[in-house]
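Just so it is clear: chains get the letters A, B, ... in the order the sequence lines come, proteins before strands, and each one is counted from 1.
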Protein chains: 2
Amino acid sequence: MSAPPQLSVVGLGPGFAGWVTPEARALIEAASDLVGYAPYLARCPQRPGQLRHASDNRVELERARLALELAADGRRVAVVSGGDPGVFAMAAAVFEALEDGPPAWRALDIHVSPGVSAMQAAAARLGAPLGGDFCAISLSDNLKPWATIERRLRAAAEGDFVIALYNPASKTRRRQIFDAFALLRGLKSGDTPTAFARNVGRVDESLSVETLASANPGAADMSTLVLIGSSETRLIERPGGAPYVLTPRRARVSA
Amino acid sequence: MSAPPQLSVVGLGPGFAGWVTPEARALIEAASDLVGYAPYLARCPQRPGQLRHASDNRVELERARLALELAADGRRVAVVSGGDPGVFAMAAAVFEALEDGPPAWRALDIHVSPGVSAMQAAAARLGAPLGGDFCAISLSDNLKPWATIERRLRAAAEGDFVIALYNPASKTRRRQIFDAFALLRGLKSGDTPTAFARNVGRVDESLSVETLASANPGAADMSTLVLIGSSETRLIERPGGAPYVLTPRRARVSA
């Protein structure tokens, strides 16, 4: 890498070191300042002289502003995110802060570095559930009305997409995944393969493959990625292991 | 890594070496046999004694069967794919071949290794276009009827998703992207930000940001990823560069 960017937004992937890209590693190494949610900063190697600005998970916009201020002050800043920063992570917060910030911030050299998102890690472990067209929906209604989420769940069923649900629940947000399952159960076949992938790539990784009818929405927490199949998605049984989940590339004629 | 898997399905990302994960590199290094589309194999370092089985782009299922046969014969095989093998790439073909193949294949130790997909690379270069809910649709009707694709495009508009279009065109498949734009122009606002990202991460990378009304569908080819915004997607102008594309995390009340 030549001179590091003034501000980078870096994705560490889901937690396994083998999924951290060389670019992400180099940007973190080159930064004078790391900004991020504390557990993500803990995944970055310590380097003498490098400053760390750890924050709580709920303050994305404050964290983004701090990073932009530091960069405008001449620091070389890496905003450290889990997964892919572009997928329900820090990239949008940085550009929201940029949009509302001082015009000078727009002249900063900003570099977003993509990473492996939770949906992709879950899919890799399950087989090939994303082999057909798919959508990704965050169930968090902290920043958007529940009516918007319902509208998207309905559209996802109508389009027969494979559905990846991010942020299905948190300690204080328990109802949404139950409501989402209730809605989807009314629109999709009960035998649709449905997987819960928790902490994929970490030591406490767990996977379960059920059907839309049998899955317990209460099993999802903030570390869970939920995948719900299309009408084409099916299981491949195998000896000595959970079945693979396959959405074939070939689709039948639609209704 | 301990003993390499009998069969791995590995994603090289979009083309930039900094986006190839350490896991992908290690799996390729450890394999006795590499199987893949010739241009992807050309991106793997040569290793003495390692066999290469290059094939044409159109024969995914044959390629998958060859890889499974080699693995069943005791070879350590890596199927090399561009992008993320789980996203419109080789993982589905491998599990389709597995499903229809000899039962013994199901006892193989198979490992899918995720990678950076074209949509993520394009998003990283553009800013944060995937900051809200999104969907990914392949416009290739080689394996699914056009009616299914139309149904998904309609649903994507109805759900106000950001839309990533893979495989918008090929040398012999030119009509689909025009039909898709005609359909979406009837359902979405003409000023919706629309980006064409070509060969992101390669030396001949190019990006253009237009509106749904002004973009020329004929500019898309087989190396182009097309991103069409939601109603929330907007541009952030900046000095000396193309505008950033932002889909904010915060969404308004839906209709």
Could you pull out every donor-acceptor pair under 3.5 Å between side chains of residues 112-135 of chain B and any protein atom, sequence neighbours left out?
unit_1: B/Ser113; atom_1: OG; unit_2: B/Glu23; atom_2: OE1; d: 2.5
unit_1: B/Ser117; atom_1: OG; unit_2: B/Tyr166; atom_2: OH; d: 2.6
unit_1: B/Gln120; atom_1: OE1; unit_2: A/Gln120; atom_2: NE2; d: 2.8
unit_1: B/Gln120; atom_1: OE1; unit_2: B/Ser117; atom_2: N; d: 2.8
unit_1: B/Gln120; atom_1: NE2; unit_2: A/Asp84; atom_2: OD2; d: 2.8
unit_1: B/Gln120; atom_1: NE2; unit_2: A/Gly115; atom_2: O; d: 3.0
unit_1: B/Gln120; atom_1: NE2; unit_2: A/Gln120; atom_2: OE1; d: 2.8
unit_1: B/Arg125; atom_1: NE; unit_2: B/Glu205; atom_2: OE1; d: 3.2
unit_1: B/Arg125; atom_1: NE; unit_2: B/Glu205; atom_2: OE2; d: 2.6
unit_1: B/Arg125; atom_1: NH2; unit_2: B/Glu205; atom_2: OE1; d: 3.1
unit_1: B/Asp133; atom_1: OD1; unit_2: A/Ser138; atom_2: N; d: 2.8
unit_1: B/Asp133; atom_1: OD1; unit_2: A/Lys144; atom_2: NZ; d: 2.9
unit_1: B/Asp133; atom_1: OD2; unit_2: A/Lys144; atom_2: NZ; d: 2.5
unit_1: B/Asp133; atom_1: OD2; unit_2: A/Arg152; atom_2: NH1; d: 2.8

Review point. Where on A/Ala157 is there a heavy atom nearer than 4.5 Å to chain B: the side chain, the backbone, both, or neither?
Key: backbone

Review point. So which part of B/Leu108 gets closer than 4.5 Å to some heavy atom of chain A, the side chain, the backbone, both or neither?
Key: backbone

Review point. In terms of side-chain geometry, is the basic nitrogen of A/Arg250 or B/Glu96 positioned less than 4.0 Å from the acidic oxygen of its partner?
Key: no

Check your understanding: Picking from A/Glu60, A/Arg25, A/Arg154, which has the most non-hydrogen pairs under 4.5 angstrom with chain B?
Key -> A/Glu60

Check your understanding: Which atom names give the shortest non-hydrogen contact between B/Gly18 and A/Pro22, and what distance separates them?
Key -> O-CD, 3.2 Å

Point to revise | Distance in Å, A/Arg238 CZ paired with B/Glu99 CD, rounded so as to fall on 0.5 Å steps | key: 14.0 Å

Review point. Given that the side chain runs from C-beta out, which part of B/Leu246 has a heavy atom under 4.5 Å from chain A: side chain, backbone, both or neither?
Key: side chain

Point to revise | Exam field: side chain B/Arg106 to backbone A/Glu237, donor-acceptor pair closer than 3.5 Å | key: yes

Review point. Do any N or O atoms from the side chain of B/Arg151 and from the backbone of A/Glu158 form a donor-acceptor pair under 3.5 angstrom?
Key: yes

**Study point:** Residue, of B/Gly86, B/Ala92, B/Ala93, B/Ala136, that accumulates the most heavy atom pairs under 4.5 Å with chain A
**Key:** B/Ala136

**Study point:** From CZ (B/Phe16) to OG1 (A/Thr21), nearest 0.5 Å
**Key:** 8.0 Å

Check your understanding: Is any side-chain heavy atom of B/Phe95 closer than 4.5 Å to a side-chain heavy atom of A/Val245?
Key -> no

